[in-house]
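A quick write-up on the structure given underneath.
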Amino acid sequence: MKIFIGLGNPGKQYEKTRHNAGFEVIDYLADKWSIRLDQAKHKGIYGIGTVKGEKVLLLKPLTYMNLSGESIGAVLQFYKVEISDLVVIYDDLDLPAGKIRLRQKGSAGGHNGIKSTIAHLGTQDFNRIRIGIGRPEGRIPVVDYVLNRFSAEEWVSLEAAIEKSALACESWLEQSYVQVMNEYNQS
């Protein structure tokens, strides 16, 4: 089984905000793969299906961003899935809006959802897709910036990043993560 995890914050007030880029990818995949996110357990909402002959689980932790690892750890433990069979998808301030970067390991880079994930998995070595949201201009505090919605212009680049992230996820069902990284980190 492959597990795709999108990080974000639950609730209407957080929909379409920069910090919910990971949730957006999971919603896109759920729609594309016809997987209903209708199971609420393990501090998250998720759905299970089969894509290209591979069993997949799509997860949106409902713990709020800073405690995402609680849900991720619970799902991995319950389903007895190896860390190498998951990918965590999340927003990244250090990438320009709309860019994506795939990695197999690394630090949290100041991202609290990733800090929590590392703490609950006990390792920094896990697959990830980082979706660029850019840095705030001027004196806007980072916390305000990530919890604000995208502008119309930014949303266009985010939609492209969501699609590209979904294609990378789909490619991972048939190729190694290294091959997928090589392909999707090029552009």
Does L93 reach the side chain of Y145, with side-chain heavy atoms less than 4.5 Å apart? yes
Distance-only criterion, 3.5 Å: show the donor-acceptor pairs between side-chain atoms of residues 152-160 and protein atoms not counting sequence neighbours.
residue	atom	partner	partner atom	Å
E154	OE1	R18	NH2	2.8
E154	OE1	S151	N	2.8
E154	OE1	S151	OG	3.3
E154	OE2	R18	NH2	3.2
W155	NE1	E159	OE2	3.1
S157	OG	E154	O	2.9

Check whether N20 reaches the backbone of Y14 with its side chain - one donor and one acceptor, N or O, closer than 3.5 Å. yes
Would you check, one step at a time, whether the test side chain to side chain contact (heavy atoms under 4.5 Å, CB included) holds for C169 with I89? CA-CA 10 Å; C169 289; I89 307 158; 3.9 Å; yes
Using every non-hydrogen atom in the two residues, find where S171 and Y184 come nearest and quote the distance to one decimal. OG-OH, 3.3 Å
Minimum heavy-atom separation for T63 to K43, with atom names? CG2-CB, 3.5 Å
Has the side chain of T117 got a donor or acceptor atom that lies under 3.5 Å from a matching backbone atom of G113? yes
Restricting to salt bridge (charged side-chain N to carboxylate O under 4.0 Å, His left out), what partner residues turn up for D144, sequence neighbours left out? none
Can you name the residues that form a side-chain hydrogen bond (donor to acceptor under 3.5 Å, both in side chains) with N9, not counting sequence neighbours? none
By side-chain hydrogen bond (donor to acceptor under 3.5 Å, both in side chains), which residues pair with S176, not counting sequence neighbours? Q179
Listed by chain and number, what are the salt bridge (charged side-chain N to carboxylate O under 4.0 Å, His left out) partners of E15, not counting sequence neighbours? K12
Residues clustered with I5, ILVMFWY side-chain links under 4.5 angstrom: M1, I3, L7, Y46, I48, L57, L59, M65, I72, V75, L76, F78, Y79, V81, I83, L86, V88, Y90, I114, I118, L121, F126
Any idea which heavy atoms bring A166 and V25 closest together, and the distance? N-CG1, 4.5 Å
Which heavy atom in G6 sits nearest to a heavy atom in P61, and how many Å separate them? O-CD, 3.2 Å
Which atoms form the tightest heavy-atom contact between S84 and W172, and what is the distance? O-CZ2, 3.4 Å
Go through it in stages, so that I can follow the logic: the residues are I131 and D91, the test is side chain to side chain contact (heavy atoms under 4.5 Å, CB included), and I'd like the CA-CA distance, side-chain angles, deciding distance and then a yes or no. CA-CA 5 Å; I131 299 174; D91 62 290; 5.5 Å; no
Mind checking side-chain contact (heavy atoms from CB on, under 4.5 Å) for K32 and listing every partner two or more places apart, or none if nothing turns up? Y28, L167, E170
By salt bridge (charged side-chain N to carboxylate O under 4.0 Å, His left out), which residues pair with K2, not counting sequence neighbours? D85
Step through the shown structure and confirm whether more than 12 heavy atoms of other residues, nucleotides or ligands are within 6.0 Å of CZ on R149. yes
Results of side-chain hydrogen bond (donor to acceptor under 3.5 Å, both in side chains) for R103 - residues two or more places apart only: none
From CG (L58) to CG (L29), nearest 0.5 Å: 6.0 Å
In chain order, what residues pass the side-chain contact (heavy atoms from CB on, under 4.5 Å) check against N182, with sequence neighbours excluded? V178
Flag, side chain of S116 to backbone of G69, donor-acceptor distance under 3.5 Å: yes
Below 4.5 Å, heavy atoms only, C-beta onward: do Q104 and N127 meet side chain to side chain? yes
Under the side-chain hydrogen bond (donor to acceptor under 3.5 Å, both in side chains) rule, collect the residues that match up with R135, sequence neighbours excluded. D94
Rounded distance (nearest 0.5 Å) linking atom CD1 of I45 with atom CZ of R36: 10.5 Å
Would you mind reporting whether L173 and F4 have side-chain heavy atoms less than 4.5 Å apart? yes
For the residue pair H42 and A74, what are the closest heavy atoms and their distance? CB-CB, 3.9 Å
Main-chain N/O of L102 paired to N185 side chain as donor or acceptor, under 3.5 Å: yes
Among residues at least two apart in sequence or on other chains, which ones pass salt bridge (charged side-chain N to carboxylate O under 4.0 Å, His left out) with R130? D92
At what distance, to the nearest 0.5 angstrom, does NZ of K16 lie from CZ of F23? 13.0 Å
Measure the acute angle between the ring planes of H111 and H19, then classify it against the limits of 30° and 60° as parallel, tilted or perpendicular. tilted
